[in-house]
Amino acid sequence: MANRIEEARLDALHRLNLLDTAPSEAFDRITRLASQIFNLPISAVSLTDHDRQWFKSRVGCTYDSIPRDQAPCAEVAENNQSMVIPDLLLDERYHDCILSQQGIRFYAGAPLVTREGFGLGSLCVLGPDPRAASEAEMAALDDLAQMVMAQIELSHAIGRVDALSGLPNRIQFSDDLDDLGRDTPGVRRLVVLLDLARIEQLNNGVRAMGSGYLDTIVQQSARVLRSVLGPKRAAYHVASTKFAFLAPPDVDERYYIRRLGSLLTRLQKGSEMRFGVTAVIGIAPFVTGETPPSDVMRTAHSAALDARQAESAISFYSALEDSTHCRRFSLLEDFSAALESPEQLRLVYQPRIDLASRRCVGAEALLRWNHPILGEVSPAEFIPIIEQTSLARPTTARVLDTGLAQLATWLASGMDLQLSINVSAVNLDESDFAQRVQLYLLKHRILPAMLEIEVTESAAMENAARALGQLTAIDSVGVNLAIDDFGIGQSSLAYLQRLPAKIVKIDQSFIRRLTLGAREQTLVRSMISLSHDLGYRVVSEGVETAEEADLLSAMGCDEAQGYYFARPMEAAAFEQWFADQQAERAAA
């Protein structure tokens, strides 16, 4: 963690392009003033690099840098706190440093801190005699350090006005929120975020018409916004196609939301590209001086995302929706660490039953996550998140490796069964996925016929050509393929016929309704019959009652799994369950 923070700090320093630049009178004025206030001969603006302390400005000092490990300024930058050393010779850290060797005894430094909280270095003063520093002197040194940072921002920041829209940018918005918090603290206000278009709309427009398409949308929207708000209210261009502004104080919120609807109408009518964009508005409350500017922007952005799903295209910030999204993001971050932890992730196994003989013929491997803080996290919550990211590849690799290792153990002990493993659309988009499946089979010495790969209809359709190639390669070596959640996807029968699958698994949503009436039974019976006609073996998921099992058996369904037969079990529990079932069958 400390290394990552240091990397980010160094990145913030290097992006300013200050290191090894020529002296600047703007900085020299401040160092001279610091020297005068303390009545000391040496003062410097000191920046903490990888292994050195470099002086952007210096008074009374002949060298332009010293080793970092011998510089008190490095400690100031690391801790972001002012520091006074009355006598370097009496300080165990610096009694033998290069400064003390040069006859320097007194040191005082105030940190140079960016808006993001990264310490760049310090403004320091030094002298040849031991002494103390008064509160007034240190307060003045802190003020001067902030003046140095203001000069750095003025000289090196990207500016405060967006060149395209002519509106103040996000940096200015953040500063104005800070000023508002100081001038009128504790007041509830509303921030409004206008998002002009969905990402895919912008991409399609730029692809067809060039970057001028985006420029036109932004400029026209900025003109409309200035016209609506008038000269006394500010609008801010806070992102490529996003604008923010504050609602008037003490506004009637319900009435104001209706007024914002008219703003959307004006934007739509006033844009030459009105058929290519769909603007939405997010509204979020905040308290001046209490809500950090970053949180103001984050909650407004969250509301704008919710507005994409709202009929009115306007949404008020929902703490519930926001916390749900934050939880998803937190789980995504934590899952990466879980992949490296043998204690957090494990596989459980649910039996698959041959309905004619009621014999266990296989098991489905299911991933479970025991979070160190949250406890058991439902796979229905974390699997959909993981499947949309690059974590899908290592997750499937973990399941394949662990599942096939367990299957090898079972087969060696005489347990004759097949293992089913689910894969996602991301896996089917990997050019080497089929090869990796074969490598895991070779690693654990498993015959391909003992493995079944399950893929949903929607996953197979997401990138149909590549998915078909990977599935065909997997089938060619003898691995069984199953179409999972059959009946709820959007694939055509013509495409399903092209997939080299041998099994279809009827989604449990159909099985839950099986006993409701003849209509529901006819639907399932037709799915089974059609699948058989197409050459598939049929498995029903989610069987929870004897009545459902008997009906499916009468309809000719081949296999089933669900709580009626057994819940997912840990490997040891599955072994015992399997042994008990074998004993019962032998006794019968």
Sort out for me which residue in [options] forms a side chain to side chain contact (heavy atoms under 4.5 Å, CB included) with [X].
X: V423; options: D484, V399, I453; result: I453
X: L441; options: L400, I446, L447; result: I446
X: L246; options: V191, L190, V296; result: V191
X: L331; options: E333, R328, R327; result: R327

| request: Kindly indicate whether a cation-pi arrangement holds for R567 with Y563, taking the cut-offs as under 6.0 Å to the six-membered ring centre and within 45° of the axis. | output: yes
Any salt bridge linking [X] with [Y]? Criterion: basic side-chain nitrogen under 4.0 Å from a carboxylate oxygen.
X: E452; Y: R352; value: yes
X: E544; Y: R512; value: no
X: R258; Y: D252; value: no

Exercise: do [X] and [Y] side chains pair donor with acceptor under 3.5 Å:
X: T472; Y: D475; answer: no
X: N422; Y: E364; answer: yes
X: N427; Y: T396; answer: yes
X: D195; Y: H301; answer: no
X: S341; Y: E343; answer: yes
X: R466; Y: S431; answer: no
X: D215; Y: Q219; answer: no
X: E376; Y: W369; answer: no
X: Q435; Y: D432; answer: no

| note | Taking every heavy atom of A197 against every heavy atom of R308, the minimum-distance pair comes out as C-NH2, 3.1 Å
| remark: Closest non-hydrogen contact found for V538 with C557 is O-SG, 3.6 Å
| request: Compute the centroid of each ring, for Y236 and then for F243, and state whether the two points are separated by less than 6.0 Å. | output: no
| Check: F574 ring centroid to W410 ring centroid under 6.0 Å | yes
Atom pair [atom1]/[atom2] of [X] and [Y] - distance to nearest 0.5 Å:
X: S330; Y: F335; atom1: OG; atom2: CZ; answer: 13.5 Å
X: L264; Y: S312; atom1: CG; atom2: OG; answer: 8.5 Å
X: S221; Y: K242; atom1: OG; atom2: NZ; answer: 12.5 Å
X: I217; Y: L164; atom1: CD1; atom2: CG; answer: 11.0 Å

| query | Hey, does the side chain of H444 reach the backbone of D401 with a donor-acceptor pair shorter than 3.5 angstrom? | reply | yes
